[in-house]
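One structure below.
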Amino acid sequence: MQPLRYGILSTSSIAPRFIAAVRAADAGQIVALSSRTPEKAREKAQQWQISTAYGSHKALLEDPQVNVVYISAVNAQHYPLAKMALEHGKHVVCEKPCTTSAADTKDLFRLAREKKLFLMEAEKMLFLPAVLAVRDAIAKGDLGKIQMVELSHSFSPSYNGWMFDPQAGGGTLLSSGIYAVQLLIWLFGPIKQICGIPSRLPNGAEDQYVLMGQTESGVLFHIKNSTRTTLDNTARFYGEKGWIELPEYWKARKAVFCMTDRKPETVEFPCEHELMYEAVHIRDCLQAGLLTSPVVTEDLTVAGIAALEQVKKYW
């Protein structure tokens, strides 16, 4: 396998975090960047110390030095950009949600198999040591059978105004709901039922919501997200012998184990760049010649967006 030479499609707010993680982990080279205008591309390329800047994504995809792309554009652009990248022979890492529909997601994986190219949804959460510690404790039965899960997430969209543009794939469900449903599926298996209530802006985009449901394994769950107020931003897993708290579960650096028969115990995993673990995994997958991730699998990626489609259908 040749060294990973990344092209970054988009100058979004998460792009510099991915770039820093790849560099810190020595998980590839960042060789090019593209934006919708040459001026923005040159500005960000200089700021992020990237040698080559393109004023269109197509131009970057035609660059032979790029062999893998990282897509962090607005949600509605994930599918067309990933499809174009695959058609240009590039491996693809696409920010979550991979696309805005299960049908489009399946189509991308079909195309990647046909082209013998790697495709992965960038779901950093599933590689974090704190999240892995929770998974291991649940798998070992430290809490007994898990009965209920609560997931809380709030954030300020800052300058990302597209998050409230339905045409751009905005709304808090796609922005944060994908974290919650994929964590549930990854830990407890398929979702049996999911429903909820949103509050909406005049243009129809939801700016907060409450969801509830049950996995096929019998775990009840409650998910809430808001840009209107600050929530406690914690996942809690309740079992027969106690519970686990995972503060800021989508970027967790610690976990708190609250067993009924002893004092709470906190395990911490300090990390400057939480995307490092994901970047290393991508490098290892490509070096091994894999076409899909054994962690963020095609099935998990499809199941996550299918659950959100079910929510929107209920709405």
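Hydrogens, waters and symmetry mates are skipped; everything else that's a heavy atom, side chains included, is used.
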Pair S199, D207: side-chain N/O donor-acceptor within cut-off below 3.5 Å: yes
Decide whether T99 and H78 meet the rule of one side-chain donor and one side-chain acceptor closer than 3.5 Å. no
Shortest non-hydrogen separation from L111 to L86 and the atoms involved: CD2-CB, 3.8 Å
Scan for salt bridge (Lys or Arg N to Asp or Glu O under 4.0 Å) pairs involving residues 241-251, sequence neighbours excluded, and state none if there are none. R236-E245, E248-K251
Hey, could you give me the NZ/SG distance between K83 and C94, rounded to the nearest 0.5 Å? 14.5 Å
Heavy atoms, side chains only, cut-off 4.5 Å: are I197 and V210 in contact? no
Should the ring pair [X] and [Y] be called parallel, tilted or perpendicular, given that the plane angle runs from 0 to 90° and is split at 30 and 60?
X    : Y    : answer
Y209 : W315 : tilted
F18  : Y6   : perpendicular
H153 : Y179 : tilted

With R262 via salt bridge (Lys or Arg N to Asp or Glu O under 4.0 Å) - residues at least two apart: none
Using only atom types and a distance under 3.5 Å, with no angle test, would you say the side chain of Q208 pairs donor to acceptor with the backbone of S226? no
With sequence neighbours excluded, residues passing ring pair (Phe, Tyr, Trp, His ring centres under 6.0 Å) with H281: F127
